[in-house]
Protein chains: 2
Amino acid sequence: MSQSHQEVAELLGAVPKAWRALLDQRLRPYGFSQATWQVLLKLGRAGEPLLQNELAARVGIEPASLVRLLDVLQADGWIVRQQDEQDRRAKRICLTAKAQQLSGELLQVADALKAELLDGLDPQELQTCIKVLAQIRAAAEQAEEPPA
Amino acid sequence: MSQSHQEVAELLGAVPKAWRALLDQRLRPYGFSQATWQVLLKLGRAGEPLLQNELAARVGIEPASLVRLLDVLQADGWIVRQQDEQDRRAKRICLTAKAQQLSGELLQVADALKAELLDGLDPQELQTCIKVLAQIRAAAEQAEEPPA
DNA sequence: TCAATATAATTAGCTGGCTAATTATTTGAT
DNA sequence: ATCAAATAATTAGCCAGCTAATTATATTGA
């Protein structure tokens, strides 16, 4: 019933939603939805081909959800699926050359927005905010497991 | 490029997602998805019938997105759409009696989870976190309007 | 060894967001 | 008083997440 509890709950609903909407809006001119852009960016940051497993984990979605995004990106020539040599079940997802070029631009747009949203903040207060959010995340991981 | 900026961006992605997933899981036994539960809860909190407009704003979705949810809730006897008397375009959304009963239970589940996730936090640090998140939200509202 | 189990990717089908366009009604400006 | 613009709800169609089930391959244990 605490007022603070209610406030933080509402902010955690609203802030990421607004952030995502802004990013979507700015990336639309490049022809990417936020979902597909995330994939290109994570691959670019990784600097090497990733298994779908790993990529899905970094993007924060289920492997099954990634399949359709990869289909689209592959059809448009942004990624290729490469047989893994050790494990014939697995495929490594590679950025094409043109995708590597582009990912730098996309990253700049995302970082510019990040700066607009965060630059005015007091660094000490931001640190505290990060600490609190990390504690909430840890509590959520605890809560997943019923008390055994 | 700041490390803090990157961290808070990732946490703002992950924390609400984890929270929502937990809530979904706990409300599933009641037969509601999180989307439909939000509607019942906001109506319950309002304490009076709301226009779809107002309800959508409180839930944080577009009025058009609310239509399908209301169709489902109406079909299952949780809400009714009532012609507004002043404005014949508008409808007021009312909870049925059985929905009013239930909304208390749903609220308890949600509040219990909120407590699990937030109770261990330092109140002062939580306040700082709220302040920072509110500043980010304000910056996002600024960012929507191009520099005129 | 080889049968059971686990794992990587996929497919199918559901849920729930969004925007754009439509319909009915109201408001506002001349 | 009337016509143009705004507004409330809706519909249609897209995108993108999820879980459950499927297929192919790897791993493990009796």
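Sequence lines set the chain letters: A, B, ... in the order given, protein chains first and strands last, and positions in each chain run from 1.
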I need the CD-C1' distance between A:Gln86 and D:dA26, as an integer number of Å. 13 Å

Within the supplied structure, the quantity of interest is the number of heavy atoms (other residues, nucleotides, ligands) at a distance under 6.0 Å from A:Lys131 NZ; does it exceed 12? no

CD of A:Gln25 versus C1' of C:dC18: gap in Å, rounded? 13 Å

Its contact letters, B for base, S for sugar-phosphate only and - for none at protein heavy atoms under 4.0 Å, make nucleotides 8-14 of chain C read SSBB---

Please compare A:Glu85 and A:Glu62 by the position of their nearest nucleotide in DNA chain D and report the one closer to 5'. A:Glu62

What is the separation between atom CG on A:Asp24 and atom C1' on C:dT19, rounded to the nearest whole Å? 12 Å

Can you check the A:Leu55 CG to D:dG17 P distance for me, whole Å? 12 Å

Could you verify whether a donor N or O on one side chain and an acceptor N or O on the other, from A:Arg20 and A:Gln34, lie under 3.5 Å apart? no

What's the CZ-P distance between A:Arg88 and D:dT27, to the nearest Å? 12 Å

Could you tell me whether the side chains of A:Gln83 and A:Arg88 share a donor-acceptor contact shorter than 3.5 Å? no

Just by modelled atom types, is the A:Gln124 backbone N or O under 3.5 Å from a matching donor or acceptor in the A:Asp122 side chain? yes

When the distance from CG of B:Leu23 to P of D:dC18 is rounded to whole Å, what number comes out? 16 Å

Round to the nearest Å and state the distance from B:Arg20 atom CZ to C:dT15 atom P. 18 Å

Starting at CG of B:Leu66 and ending at C1' of C:dC18, how long is that distance when rounded to a whole Å? 14 Å

Of the non-hydrogen atoms in B:Leu11 and A:Ile130, which two are nearest, and what is the gap between them? CD1-O, 3.6 Å

Donor-acceptor pair, A:Gln82 side chain versus A:Arg92 backbone, under 3.5 Å? no

